[in-house]
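Okay, structure first, notes after.
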Amino acid sequence: MPVELFNTLTGRKEVFRPAGDVVSMYVCGLTPKNHPHIGHAWLFVSVDVMRRYLEFSGYQVKHVQNFTDVDDKIIEAGHRDGIPPEEAAARYIESYWKGMDALNVLRPTVTPYATRFIPQIVRMIGELIAQGYAYQADGDVYYRVTRFPEYGKLSGNTLERLAAGARVEVGEHKENPNDFALWKAAKPGEPSWESPWSAGRPGWHIECSTMIREVLGDTIDVHWGGRDLIFPHHENEIAQSEAATGKKPFVRLWMHVGLMQTGSEKMAHSLGNFVTIHDMIGEFGADVLRMYLVSEHYRTPVTFSIEYIGRAKERLKRLQAAVRNLAFLNEQAAARPSPGETFATGKLADALRDQADSSLAAFREAMDDDLTTPRAIAAVEALAKQINTTNDEVAHDPSLATEELLPGLHYAGDVFGQLCRVLGLDLSLEKAGAETSGLTDDVIQDKVNERNAARQRKDFASADRIRSELAEAGVTIEDRPQGTIWYRA
RNA sequence: GGCGACGUGGCCAAGUGGUAAGGCGGGGGUCUGCAAAACCCCUAUGCAGCGGUUCGAAUCCGCUCGUCGCCUCCA
C-alpha cells in the first residue's frame, strides 16, 4: 500500500512519490519572537510524525527547518525584553529547542538561519531584478507579481480576485498592491546588511526561497507549514523560486496543518490568547501533551482545551499499563520453564501475535491514508488492551506465565514499541522513573515490604497509611497475586 | 466582497456508495482486606436542515442555516 498525502496545491490526496532516494522536506520554522505556543507544537509534532512514519516505511528524509531570525517582530521583542534583537532571537530559539526535545520531536537534519544566508539572499534578489521579476524603489526592492502569471495558484486566487478584496494597501513605492518586499531599507538603529540597493534586511518571504535552494535544491519533495502561511507566504515563495530558478514545480507536495483554536479563534502571539508549550509540559508532562496532539488529525483545526489534555492523560494510562505489564509478564514467564506445550498458554501467545499483526496492519492503513493518527492510535490501543488482557489472565492463573508465552510477548512488545515510536510516544519505564521525586528505589521497596507485612497481620490502617504516603510522593502501588509492584507516575 | 475548510452520540473523534471504529465521561460487573490499575458488558434506527441521484448515502449533487481560517504580522 502506498502512502497517500493531501496536497494543498491540488486539493486532493496523492500517492507519495519522492523524486529521489532521499526525501527532501522543508518546514517553515519559527520566527523566534516569543516562547513557542501549543499551535507551534501542533505543527512540529505533525511534521515529526510524518517523518517518523516515512522512516518507518523505509524512506530516508532530509529534513530542513529554518529560523527566520531577523524580522520586525524580533526587533519589537528586543525592545519589549530590553535586549538586542539577536539576543531575543537566541533566547526564543533556546526555548524552542527545549520544548521540542521534551516533546520527543526529532531534530531537523539541517537548521539554516536567515541571517547566515544574507549574501545568497542578496544574490537571488539580484537575479530576480535582472530577469524583470523585481524592481527597486528608494532602497527597497519589490517583487512584481504581474510578471508571474501563475501567482495565486496555491491559494486558489488570481490577481483579479485579490484585487477585488482590496484590503491590501498600496505602498508608496509599489506598482501593484500585491507586490511584496524582497529587501527593506533599514531605519536608524535597526539591524542591517549591505546590499546594492541599501543597507537593510530581507523581506519576510525571500529567506525561505533562498535557503531551500541553497540547502535542498531547486525542486523539493515536501514543504510544510501552518495553514495561515498559504497566503501570502507560500504563494510568494513559489513566485520567487520558480521565477529565479526557472524550474517547476518548486515544491511537489505542499502540506499544511490546521490551526490551533482558542475558544473560537486562532491561537496566536499577536492575539494574546496563546498557551505556551512550556506551561503545558509543566502541568501535564510532555508525553500527555504529545498524546493530545497526535490524537487529532493534522489537517483539522483543533480547539485547545485543558479538558481535552486531561482526556489524553487518561488515554495514555492504558498504554503505560501495557509497558509495565509487558515487563512484568516477561519476568514471570522467563522464570518458569514450560512444562511442555499447554493449550491455554499457547492460546494466550497466539492471541498476542494475532493482535500485533492486525494492529500493525490497521496502523499502516491509517497512516498511509494521509497520516490519520486518530485511527492509528486506536490500533495501538487495541494492542495495549490485548497485552493488558494477557496480564489479567495471568493474574487469575499465574501458572499460565511460562517460557512458552515468551515468543508471543516479545513479538507483541516489539510491534507495540515500534508503533509507539512512530507516534513519538516515549513510554519507557526508565524515563518514568527519572522524572519523579525524592525517594530512592530502596526506600520505596522498604516501605512496600513494610506495608505488605502490615497487610499480613491484617493491620490495614498502617498498610493504607503507607500506601497514601507513597501516593503523595508520586509512587503508585499495584497488588498482584504474584506480589506487589510499584511505579512512579 | 473573493478564496478555502468544516458541521457525526453528553464531549473528543474515525468513517468518500452497502447499512455508524476508537477514546473520554456515565452505568453495571470481575479482581482486591479496601482501593488503585487493568479487564469484561451496556451507553447514536442515526450522521446541521430540506430536496435530489441511486436498489441502497453520513458518504454524490443542489439549496438553506451555522462555525472557523486566509485575503494584514502569524505555525
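Being a predicted model, the structure only gives us computed values, none of them experimental. Convention: sequence-line order gives letters A, B, ...; per-chain numbering from 1.
Look at the C1' atom in both B/A57 and B/A36: the space between them is 46 Å, to the nearest Å. One C1' atom belongs to B/C11, the other to B/U43, and the distance between them is 14 Å to the nearest Å. Here the separation of B/C68 from B/U8, taken at their P atoms, is 14 Å to the nearest Å. Rounded to the nearest Å, the gap between the P atom of B/G27 and that of B/C71 is 47 Å. To the nearest whole angstrom, the two P atoms, one in B/A21 and one in B/U45, are 13 Å apart. Annotation: B/C61 and B/U53 have their P atoms spaced 15 Å apart (nearest Å). Between the C1' atoms of B/U32 and B/A58, the separation comes to 45 Å (whole Å). Of the C1' atoms belonging to B/A5 and B/G18, the separation is 28 Å, rounded to the nearest Å.
Counting any heavy atom pair closer than 4.0 Å across all strands shown, A/His233 reaches no nucleic acid atom. When heavy atoms are screened at a 4.0 angstrom cut-off, A/Ile477 is found touching base atoms of the nucleic acid. The residue A/Phe231 sits close only to the backbone: its heavy atoms come under 4.0 Å of sugar-phosphate atoms, none of a base. A/Gln261 comes within 4.0 angstrom of sugar-phosphate atoms only, judged by non-hydrogen atoms across all strands, and of no base. Within 4.0 Å (heavy atoms only), A/Ile230 reaches no atom of the nucleic acid at all. Within 4.0 Å (heavy atoms only), A/Gly258 reaches at least one base atom of the nucleic acid. Using a 4.0 Å heavy-atom distance criterion, A/Gly225 is classed as a sugar-phosphate-only contact.
Contact annotation: A/Arg318 reaches the phosphate of B/C39 (side-chain N/O to OP1 or OP2, under 4.0 Å). In this model, the phosphate group of B/G25 is not approached by any side-chain N or O of A/Lys313 to a distance below 4.0 Å at OP1 or OP2. The side chain of A/Lys266 places an N or O atom within less than 4.0 Å of a non-bridging phosphate oxygen (OP1 or OP2) of B/C70. At B/C39, one or more side-chain N or O atoms of A/Asn388 fall inside 4.0 Å of OP1 or OP2 (strictly under the cut-off). A close approach under 4.0 Å does not occur between any side-chain nitrogen or oxygen of A/Thr158 and OP1 or OP2 of B/G2. Taking only side-chain nitrogens and oxygens, A/Lys385 comes nearer than 4.0 Å to OP1 or OP2 of B/C40.
A/Arg451 has its CZ atom 10 Å from the C1' atom of B/C34, to the nearest Å. Atom pair A/Leu400:CG and B/C31:P shows a separation of 17 Å (rounding to whole Å applied). As rounded to whole Å, 22 Å separates atom P of B/C3 from atom CH2 of A/Trp254. Taking atom CG of residue A/Leu159 and atom P of nucleotide B/C71, one finds them 16 Å apart after rounding to whole Å. Summarising the geometry, the separation between CG on A/Asn178 and P on B/C71 is reported as 12 Å, rounded to the nearest angstrom. A/Leu352 places its CG atom 14 Å from the C1' atom of B/C39, with the value rounded to the nearest Å. Atom CE in A/Met291 sits about 15 Å away from atom P in B/G22, given to the nearest Å. What separates CG of A/Leu43 from P of B/A75 is a distance of 9 Å, to the nearest Å.
A residue-by-residue look at A/Glu314 and A/Pro301 shows that A/Pro301 has its nearest nucleotide of RNA chain B further toward the 5' end. Map A/Glu381 and A/Glu296 each onto its nearest nucleotide of RNA chain B; the residue landing nearer the 5' end is A/Glu296.
Among the nucleotides B/C34, B/A36, B/G15, the one closest to any side-chain atom of A/Arg375 is B/G15. Residue A/Asn157 has its side chain nearest to B/C3 when only B/C3, B/A36, B/G15 are considered. When the nucleotides B/C39, B/C71, B/C12 are ranked by their closest atom to the side chain of A/Thr389, B/C39 comes out on top. Closest to the side chain of A/Pro232, out of B/C71, B/A75, B/U16, is B/C71. The side chain of A/Tyr308 lies closest to B/C11 when the candidates are B/G22, B/A37, B/C11. Here the side chain of A/Glu307 is nearest to one of B/A38, B/C11, B/G33, namely B/C11. In the set B/A21, B/A75, B/A38, the nucleotide with an atom closest to the side chain of A/Cys28 is B/A75. Residue A/Asp479 places its side chain closer to B/A35 than to any other of B/G22, B/A35, B/C70. Closest to the side chain of A/Glu478, out of B/G23, B/A36, B/A38, is B/A36. In the set B/A37, B/A13, B/A75, B/A13 carries the atom at the smallest distance from any side-chain atom of A/Pro374.
When ring centroids are compared, A/Tyr96 and A/Phe44 come within the 6.0 Å threshold. If you look at A/His35 and A/His278, their ring centroids are not closer than 6.0 Å.
Base pairing annotation: B/C70 forms a Watson-Crick or G-U wobble pair with B/G2, both donor-acceptor distances under 3.5 Å. Summarising the base pairing, B/A58 is matched to no nucleotide, lacking a Watson-Crick or G-U wobble pair whose two defining distances lie under 3.5 Å. B/U16 is unpaired under the Watson-Crick or G-U wobble criterion, no partner having all donor-acceptor distances under 3.5 Å. Of all nucleotides present, only B/U30 satisfies the Watson-Crick or G-U wobble test against B/A38, with each distance under 3.5 Å. The pairing partner recorded for B/G25 is B/U43, the criterion being a Watson-Crick or G-U wobble arrangement whose two distances lie under 3.5 angstrom. Summarising the base pairing, B/G7 is matched to B/C65 through a Watson-Crick or G-U wobble pair whose two defining distances lie under 3.5 Å.
Side-chain to base pairing of A/Asp464 with B/G33: one donor and one acceptor N or O lie within less than 3.5 Å of each other.
A ring-ring contact (aromatic ring centres under 6.0 Å, His included) with A/Trp224 is found for one member of A/Tyr26, A/Phe6, A/Trp42, A/Tyr298 and no other, namely A/Tyr298.
Remark: the A/Gln355 side chain and the A/Ser359 side chain contain an N/O donor-acceptor pair separated by less than 3.5 Å. Between the side chains of A/Tyr151 and A/Asn157, no donor N or O sits under 3.5 Å from an acceptor N or O.
Taking every heavy atom of both residues into account, A/Ala185 and A/Asp140 meet most closely at N-OD1, 2.9 Å. A/Val294 and A/Thr373 make their closest contact through O-OG1, 2.7 Å (heavy atoms, listed as atom of the first residue, atom of the second, distance).
Residues A/Arg311 and A/Glu314 are not paired through a salt bridge, judged by the lack of any N-O separation under 4.0 Å between the basic side chain and the carboxylate.
Between A/Phe274 and A/His37, the angle of the ring planes lies from 30° to 60°, which puts this pair in the tilted group. Classification of the A/Tyr143-A/Phe180 ring pair by plane angle, with boundaries at 30° and 60°, yields parallel.
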